[in-house]
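Keep in mind that this is a model prediction, so the values were computed, not measured. Residue numbering restarts at 1 for every chain, and letters A, B, ... go by the order of the sequence lines.
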2 protein chains.
Amino acid sequence: MARPRTFDEDRVLDTAMRAFWANGYEATSTRDLCEAVGLDRSSVYNAFTSKRELFLRALARYVDLTSADLTRVLDDPERSPIERISALFDVVVEGEAANRREGYGPGCLTVNTTVELSGRDPEAARILERDLERRLEALRAVIRAGRAAGEITSPRDDDGLARFVNAVIAGIRVASQGGAGPASLRAIADCALDAL
Amino acid sequence: MARPRTFDEDRVLDTAMRAFWANGYEATSTRDLCEAVGLDRSSVYNAFTSKRELFLRALARYVDLTSADLTRVLDDPERSPIERISALFDVVVEGEAANRREGYGPGCLTVNTTVELSGRDPEAARILERDLERRLEALRAVIRAGRAAGEITSPRDDDGLARFVNAVIAGIRVASQGGAGPASLRAIADCALDAL
DNA sequence: CCGGTTCTGCACCGTTCGATGCAATACGGT
DNA sequence: ACCGTATTGCATCGAACGGTGCAGAACCGG
């Protein structure tokens, strides 16, 4: 019918995701984004209508990708419940190290956006809240299984433990952005496992 | 000798601190700041030379104020070591609730700046790192005392435990910014205490 | 009371921001 | 082959940004 796009929408979203991830929403200009992805601004605006809309799409994509990672680890049938939680921490700690090795900055877009935008942008807050609820539900399920298997003996309720694990992951992310090395992050994760 | 200032420098720093705290560095304009404090931009630039310099001063002030709070709680001779750590969590959880009640946003400037700026601004990173080292040292001291008193039985080393406690505090801050209520924050803190 | 110095208020500078207008272009359907 | 449509590249818009210049006002020491 008409002239087709010459760029892959998901590739733009991935690039935007990395840029917002590394520098935050406010500090990333649409010109930076377009230069990084090799596109003209009119093409981007034509496809995504606004900087904010582009960011929300990138955030939604990030959330989906990491959510897939999360459930893959937390539903792994080859491991026992606490091994899965331990593996989750491994993924976080190792991911921080890998991101740093590969030139990407530390931290994660979820935490960064919670800190920078969730108080001011209701739509971003909604995306983050849905993601949080999914993560907490997955964690609660593993914690319930861990209790049934006798691996988790904490007297705290499932929701509290799930929020605790999630908070420690956020704390690890912040610590990594604060310059902590892999050994320190590993130590934080080990302490968290002790609490279960 | 000459015309004196008509404003209190610390009052400007406090207002700037709150503004940066609530909206972040990039999203806070010097015009916003001047309107909030009722000053002209030339006065602010005359006193603080640049937006970045003003921010760094405000951050340094925030760090000093909270550091004083921290040592007051962690060195309280009327409590046992573990009670002091518990009291520290109390301060954090209660502080989040209080800030929300009083119209200030959740979270803390230290965590926010770590996330938004520490990767891009070496001077900000330096301030945050010094503060981190102070906090970890205070925590390690309390943890050592807790071990001597038999209250802390974790096999993890002091530094790991200190970093763990600090990370959980950051996690609580992020959780609060993500919309978690006081009960949830309290639960996270309780789980952290179990690990010691 | 007055000289010297600093602060204040207002206008303004150049840059960058997010966003748009528009002509030229490239494609798909018929 | 060609028409209609969407995309592309370039120029440009108004607004907001961080920062500055300058005239007049306010103060302190003498």
Side-chain angles (χ1 to χ4, degrees), chain A residues 1-60 109 112-113 116-117 120-124, chain B residues 1-60 109 112-113 116-117 120-124:
Chain A
M1 252 217 351
R3 182 177 179 178
R5 294 239 165 92
T6 60
F7 64 89
D8 178 23
E9 208 160 283
D10 280 346
R11 233 192 73 82
V12 175
L13 282 178
D14 280 342
T15 306
M17 197 183 78
R18 288 291 181 180
F20 286 129
W21 184 353
N23 298 109
Y25 176 75
E26 298 288 350
T28 304
S29 75
T30 59
R31 287 170 173 84
D32 294 340
L33 288 171
C34 290
E35 190 179 1
V37 79
L39 261 148
D40 191 89
R41 325 238 320 289
S42 65
S43 295
V44 169
Y45 274 93
N46 181 34
F48 300 98
T49 68
S50 75
K51 177 188 179 183
R52 179 168 171 267
E53 218 68 37
L54 171 60
F55 174 80
L56 293 175
R57 293 269 311 265
L59 176 62
L109 187 58
N112 296 3
T113 304
E116 187 185 1
L117 280 182
R120 278 184 292 135
D121 189 320
E123 183 66 16
Chain B
M1 239 189 40
R3 184 176 177 180
R5 294 238 164 91
T6 61
F7 63 90
D8 177 24
E9 206 161 284
D10 280 346
R11 234 192 72 82
V12 174
L13 282 179
D14 280 340
T15 307
M17 196 183 78
R18 289 291 181 182
F20 286 128
W21 184 354
N23 297 110
Y25 176 75
E26 298 288 350
T28 303
S29 76
T30 59
R31 287 170 173 84
D32 293 341
L33 288 171
C34 289
E35 190 179 3
V37 78
L39 239 64
D40 190 89
R41 321 236 323 290
S42 64
S43 296
V44 170
Y45 274 91
N46 181 34
F48 301 98
T49 66
S50 75
K51 178 189 179 183
R52 177 167 172 269
E53 219 67 36
L54 172 59
F55 174 79
L56 293 176
R57 294 269 311 263
L59 175 62
L109 187 59
N112 296 3
T113 304
E116 186 186 1
L117 280 184
R120 277 184 292 136
D121 189 319
E123 185 65 17

Return all side-chain donor-acceptor pairs below 3.5 angstrom for residues 19-26 of chain B, not counting sequence neighbours, or 'none' if the list is empty.
{"from": "B/Trp21", "atom 1": "NE1", "to": "B/Gly107", "atom 2": "O", "distance (Å)": "3.0"}
{"from": "B/Glu26", "atom 1": "OE2", "to": "B/Arg120", "atom 2": "NH1", "distance (Å)": "3.2"}

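For the OP1/OP2 pair of C/dC7 and a distance below 4.0 Å, the side-chain nitrogens and oxygens of B/Ser43 include no atom meeting the criterion.
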For this session: Determine, stepwise, if the pair A/Ser29 / A/Asp32 fulfils side chain to side chain donor-acceptor pair (under 3.5 Å).
Result: CA-CA 5 Å; A/Ser29 75; A/Asp32 294 340; 3.2 Å; yes

Exercise. Can you list the steps and then say if B/Phe55 with B/Thr28 is a side chain to side chain contact (heavy atoms under 4.5 Å, CB included)?
Worked result: CA-CA 10 Å; B/Phe55 174 79; B/Thr28 303; over 6 Å; no

Problem set entry | salt bridge (Lys or Arg N to Asp or Glu O under 4.0 Å) assessment of A/Glu123 paired with A/Arg52 | CA-CA 10 Å; A/Glu123 183 66 16; A/Arg52 179 168 171 267; 5.4 Å; no

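In this structure, the CG atom of B/Asn46 is 13 Å from the P atom of D/dG21, given to the nearest Å. Between B/Glu35 atom CD and C/dG9 atom P there is a gap of 15 Å when expressed in whole angstrom units.
Considering only heavy atoms from C-beta on, B/Val37 stays 4.5 Å or farther from B/Phe7 through its side chain.
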Distances under 3.5 Å only, N/O to N/O: pair up the protein atoms with those of nucleotides 14-18 of chain D.
{"from": "D/dC17", "atom 1": "OP1", "to": "B/Ser29", "atom 2": "OG", "distance (Å)": "3.4"}
{"from": "D/dG18", "atom 1": "OP1", "to": "B/Lys51", "atom 2": "NZ", "distance (Å)": "2.8"}
{"from": "D/dG18", "atom 1": "OP2", "to": "B/Thr30", "atom 2": "N", "distance (Å)": "2.9"}
{"from": "D/dG18", "atom 1": "OP2", "to": "B/Thr30", "atom 2": "OG1", "distance (Å)": "3.1"}
{"from": "D/dG18", "atom 1": "N7", "to": "B/Arg31", "atom 2": "NH1", "distance (Å)": "3.0"}
{"from": "D/dG18", "atom 1": "N7", "to": "B/Arg41", "atom 2": "NH2", "distance (Å)": "3.3"}
{"from": "D/dG18", "atom 1": "O6", "to": "B/Arg31", "atom 2": "NH2", "distance (Å)": "3.2"}

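Contact annotation for B/Phe48: no contact, since no heavy-atom pair falls under 4.0 Å across all strands.
The number of heavy atoms from other shown groups lying within 6.0 Å of CZ (A/Arg5) is above 12. Within a 6.0 Å sphere centred on CD of A/Glu35, heavy atoms belonging to other residues, nucleotides or ligands number 12 at most.
Here the CG atom belonging to B/Leu13 is positioned 6.5 Å from the CG atom belonging to B/Leu54, to the nearest 0.5 angstrom.
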For this session: Can you check each nucleotide of nucleotides 24-30 of chain D against protein heavy atoms at under 4.0 Å and return B for base, S for sugar-phosphate only, - for none, in 5' to 3' order?
Result: BBBBBS-

